[in-house]
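Letters go in sequence order (proteins before strands), and every chain restarts at 1. Any value given below was found using the heavy atoms of this structure, including those in side chains, with hydrogens, waters and symmetry copies removed.
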There are 2 protein chains.
Amino acid sequence: MNKPITIKEIARDLGVSFSTVSKSLNDSSEISEKTKKKVKEYAALRGYTPNQIALSLKNSATYTIGVIIPDIQNSFFASVLKNIEIHAKSYGYRIVTFFTNETLKEEEESLKILSKGLVDGLIVCPSDETFKKKKFDHFNAIKNMNTPVLIFDRVDDNLEFDSVSVDDYKSIISALDYLYEKGARDIVLASAIPDVSVGKKRKEAFEKFITDNPEVNGTILEADDNTVLKSMLYEALDTKKVDAVLGVDIESTSLANAVVSMLGKTYKEEISLIGYVNKQFNRLIHPRVSYINQYPEKIGQIAVDMIVDKIKIGNSKLLNKEVIETTLAIKDTSR
Amino acid sequence: MNKPITIKEIARDLGVSFSTVSKSLNDSSEISEKTKKKVKEYAALRGYTPNQIALSLKNSATYTIGVIIPDIQNSFFASVLKNIEIHAKSYGYRIVTFFTNETLKEEEESLKILSKGLVDGLIVCPSDETFKKKKFDHFNAIKNMNTPVLIFDRVDDNLEFDSVSVDDYKSIISALDYLYEKGARDIVLASAIPDVSVGKKRKEAFEKFITDNPEVNGTILEADDNTVLKSMLYEALDTKKVDAVLGVDIESTSLANAVVSMLGKTYKEEISLIGYVNKQFNRLIHPRVSYINQYPEKIGQIAVDMIVDKIKIGNSKLLNKEVIETTLAIKDTSR
DNA sequence: TTGTATGCGTTATCAA
DNA sequence: TTGATAACGCATACAA
């Protein structure tokens, strides 16, 4: 249980100055090959490894990106996080992750802690409660610090930061166009995120489509409580004529899927289902759900690219808002 | 984009020494109330917050726990991670997470990076490949450092560290006892983790049960490739008489569930399914899968308790190996 | 070629 | 009551 060896100790043991050791280990041309060799060999022998904390202080850089996500159990966020980590690694960055569990309080705390010089940049997806309570002060507070911030997925006009998100409007219209073409006229929109920005945008797109196509009978079912949403879905699918369900998030989509299964309905014949889920989700169930691919890999990659850019170049005045094009992946659950 | 303000700058602005500022902010009794008030007010005004990196260097403590897990997309690990994070927070610790994607290489790199003074302790679940290649040198290397390490879930005799895991043997026997009692005699064990310690232990328990109960016809299907395992399951369930499937991990269980659904078989009537899945997994599907609850919350909590203990008390010679008792949760998929 | 001094932001010890 | 100085571990400009 020996404490990690430091440059000073190596210097002492070798009878040289600690700057000689430092230079040797960094392969400085100032030092003779002979000394370098001696130092390096001893350092290797003792398992020397530079203390990252000291380096961070010295360089005022932590090589760490902070990530704040609402819920790791949500497979969309899990997938984005995974890809953020992979991509950050390739840039030589680590990630420190905070989960807010969709609460404002934990989000505020996370932002506060991470703005104390622990990270070089921040990738954040705001919590449900943040939108519900329309509290964005903690974000504005961090805008005055020099830590670059990037928002992903749940972008909002109140959050004046760079961002990566998907084409909510277009994706809904594409899905509805598809369902319409296949004959669906009674369509349900299900949402477990009525307050969140993306939930609102997707709902607006749905409403627009209904207005533009009066022959379509649209129903919106939304509740952030799963039990409530599930019974709403159950009642609707049990008592009304429903040709298709469009789920704006993983929760609502999986609930719809379960309800269809509970009611013994068959996909393709009786009903269609399209949702904002992902491959990972789809691997678990049968039949596969048709889905709007949000390309979480791309979101993660672009998020890291953008934040690393900001870390290196520094903040610019202009906001950079990336929008990822989704695609519709048709599976067994949609005719 | 002002850089965060430091004690020195406050001292300069206020015309006092920086040690006075430090003491004031720490409410030292040495400083007059008047000065303290002045300093605190100005610090608050300028949004001063102590630099955590400097504190870490000063205190040789990072208040950070490193977590290394094989795959965040696996909902068991996601659940454990979530609970590690929640519990660590309550102790005032952050977590920095590395994902190995079940590879030895990324595990080695993660251990190497995290042993450079970045964390006060390490919670690790080794990768599949580590077991496959029986390479544990990188773990032994870190044993010589002063960073405490704790292994969770995939414990192994080659890994001489404290650990938290579940009662693999007992849980399998309980599940088999249950199935046996309900009349199952043709039982399939499915595993997507044949090389991993827990996979092996669960398989051994299964084999023991078969030996002890010769009237039971046991079949073991294992492959770490999902496609392969899926077709093995398909063939077995399609051509042979199978009363029950026991999945030793989430992958194999979800594959079995999908195959049953593909073959149009009905649970309770024709076949039973029990697996090492969790609530989170079960919420997504219908009908619910009977499962062996490994209590990921407990695993996360105990892991943090143990590592925080070791960080504070220091390493002891005796190994502490916690074993969590699982329970069997019977759902619609098992008669 | 090697050694000394400085600073990154803190806290703590000691001096004034 | 306040201030100066050292130390945490490192890299680097400067001195020898």
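- Picking from C:dG3, D:dG3, C:dT10 the nucleotide with the shortest atom distance to the side chain of A:S17 gives C:dG3.
- Across D:dT1, C:dT1, D:dA11, the shortest atom-to-atom separation from the side chain of A:K58 is found for D:dA11.
- Atom NZ of A:K37 has 12 or fewer neighbouring heavy atoms from other residues, nucleotides or ligands inside a 6.0 Å radius.
- For B:K8, the listed nucleotide lying nearest its side chain is C:dT10; candidates were D:dA4, D:dG9, C:dT10.
- If you measure from atom CD1 of A:I10 to atom C1' of C:dG3, you get 17 Å, rounded to the nearest angstrom.
- Ion pairing of A:K89 with A:E85 is present here, as a side-chain N (NZ or NE/NH1/NH2) and a carboxylate O approach within less than 4.0 Å.
- At whole-Å resolution of the value, CG in A:N26 and P in D:dG9 are 17 Å apart.
- The residue A:S56 sits apart from the nucleic acid: no heavy atom pair falls under 4.0 Å.
- For A:K112 and A:E109, the salt-bridge test fails: no basic side-chain N is under 4.0 Å from an acidic carboxylate O.
- Residue order along DNA chain C, read from the 5' end via each residue's closest nucleotide, puts B:F18 first among B:E30 and B:F18.
- When distances run from any side-chain atom of A:N51 to the nucleotides D:dG9, C:dG9, D:dG3, the shortest one goes to D:dG9.
- Projected onto DNA chain D by closest heavy-atom contact, A:T6 and B:S19 fall at different nucleotides, the more 5' of which corresponds to B:S19.
- With rounding to whole Å, A:L14 atom CG is found 18 Å from C:dT1 atom P.
- Among D:dA7, D:dT12, D:dT2, the nucleotide with an atom closest to any side-chain atom of A:K23 is D:dT12.
- Ionic pairing of B:R154 and B:E102 is present here: one or more N-O contacts between side-chain nitrogen and carboxylate oxygen are shorter than 4.0 angstrom.
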